[in-house]
Amino acid sequence: MTEKQRHDAWDAGQSYETYMGRWSARIAETFLDWLAPPKGADWIDVGCGTGALSRTILARTNPASVVGIEPSPGFVAHARALTPDDRARFCEGGAEALPLPDASCDVAASALVLNFVPDRVKALGEMRRVLRPGRLLGFYVWDYPGGGMGFIDAFWKAAAALDPAAAELDEAVRFPFCTRDGIAALCREAGIKAEVTALEVETVFDSFEDFFSPFTLGAGPAPGYLASLPLDGQAALRQALAAQLDRGGAVRLTARAWAARARM
Ligand SMILES: C[S@@+](CC[C@H](N)C(=O)[O-])C[C@H]1O[C@@H](n2cnc3c(N)ncnc32)[C@H](O)[C@@H]1O
């Protein structure tokens, strides 16, 4: 594990839900509207985390089955607890070696994951392998380089202004391929003829506290970085963000993702 990956801190399911899951559930709906999948399909959700996309698939597409694959045991346990549905099962595993047979799914999807996978081309090859011929592959990642993931972008900009070492932990720097052109190039490299689009949701925090407190829960790269700071460093970062965003009411930001879909 590299120093940068050490901050990724995927472990505590409830903390992830508060930090990201509430927003990833929203963008999952937008993604499924765009993907336009068939009803009654067998799905794989690669890097399912606490199950935000899996539950949205269950709620909106009437699938035959959904298999969520996720390396974090804590997230798998959380996904199981939050998803009491006989059509769903969650297994530990990684995107580069999916624990499913060839040609066993109708839709292979992955939400906000591929940037964390070391060999993305291999991961896409695995998603192709488990698909039946002619079926649907889709994935999306946050638009980190374009500043499109507003609350994460605000965090890292403030962090880097106080601590130059934070600059290289910024997901915008770590994941430069998360652009329209980068996604298209990745798909070409993986031999996938994909259509790429931007998806957006509004992230509305009730207050500055509602914006900041999830960063203190330790789940994800930015919270992992905050937890690594001494207390006075944490307080300084909070103050810098408050100076920028705290107007005494709701904090409204935008979350934009780049999504790809292809019929294989
Ligand atoms: C931002 S979360 C997204 C989780 C979920 N898909 C969602 O939409 O809420 C990123 C997820 O990628 C998972 N992940 C990291 N490396 C992975 C890998 N090599 N293969 C599969 N998943 C991975 C993490 O454990 C984490 O659950």
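Residue numbers count from 1 along this sequence. Bear in mind that the values here come from a model prediction, so they are computed numbers and not experimental data. Atom set for the values below is all heavy atoms of this structure, side chains included, hydrogens, waters and symmetry mates excluded. First listed ligand is number 1; within each ligand, the first listed atom is number 1.
Ligand 1 is approached by Leu112 to a heavy-atom distance shorter than 4.0 Å. Using 4.0 Å as the threshold, Trp142 has no heavy atom nearer than that to any atom of ligand 1. Residue contacts with ligand 1 do not include Leu53, since none of its heavy atoms lies under 4.0 Å from the ligand.
Residue contact check: Phe75 has heavy atoms under 4.0 Å from atoms 27 (O) of ligand 1. Close contacts between ligand 1 and Tyr16 involve ligand atoms 1 (C), 2 (S), 3 (C), 4 (C), 5 (C), 7 (C), 9 (O) [criterion: under 4.0 Å to a heavy atom]. Shown in contact with Gly94 at under 4.0 Å from a heavy atom are these atoms of ligand 1, numbered in order with element: 20 (N). Atoms of ligand 1 found under 4.0 Å from any heavy atom of Ala111, numbered from 1 in the order shown, are 3 (C), 5 (C), 6 (N), 8 (O). Close contacts between ligand 1 and Val113 involve ligand atoms 6 (N), 11 (C), 12 (O), 22 (N), 23 (C) [criterion: under 4.0 Å to a heavy atom].
Selection from Cys48, Ala95, Ala123, Ala97 by nearest heavy atom to atom 21 (C) of ligand 1 gives Ala95.
By the salt bridge (charged side-chain N to carboxylate O under 4.0 Å, His left out) test, Arg60 is found to be paired with Glu29, Asp33, residues two or more places apart in sequence or in another chain being considered. Remark: Phe205 pairs with Trp23, Phe151, Phe211 by the ring-ring contact (aromatic ring centres under 6.0 Å, His included) rule, at least two apart or across chains.
Checked by distance only, ligand 1 and Glu70 come closer than 3.5 Å through their nitrogen or oxygen atoms.
In this structure, Arg256 forms no cation-pi arrangement with Trp142, as its terminal cationic atom is not both closer than 6.0 Å to the ring centre and no more than 45° off the ring axis.
A donor and an acceptor atom, one from each side chain of Arg87 and Ser65, are nowhere located under 3.5 Å apart. Inspection of the Asp170 and Tyr144 side chains reveals no N or O donor paired with an N or O acceptor under 3.5 Å.
Note that the CG atom of Leu226 and the CZ atom of Phe215 stand 8.5 Å from one another [nearest 0.5 Å].
The residue Met20 has no part lying near ligand 1, judged by heavy-atom distances below 4.0 Å. Contact annotation for Ser24 and ligand 1: only side-chain heavy atoms (C-beta onward) come within less than 4.0 Å of the ligand.
Between Lys122 and Glu96 there is no salt bridge, since no side-chain N of the basic residue sits under 4.0 Å from a carboxylate O of the acidic one.
Here the side chain of Thr203 pairs a donor or acceptor atom with the backbone of Leu253 at under 3.5 angstrom.
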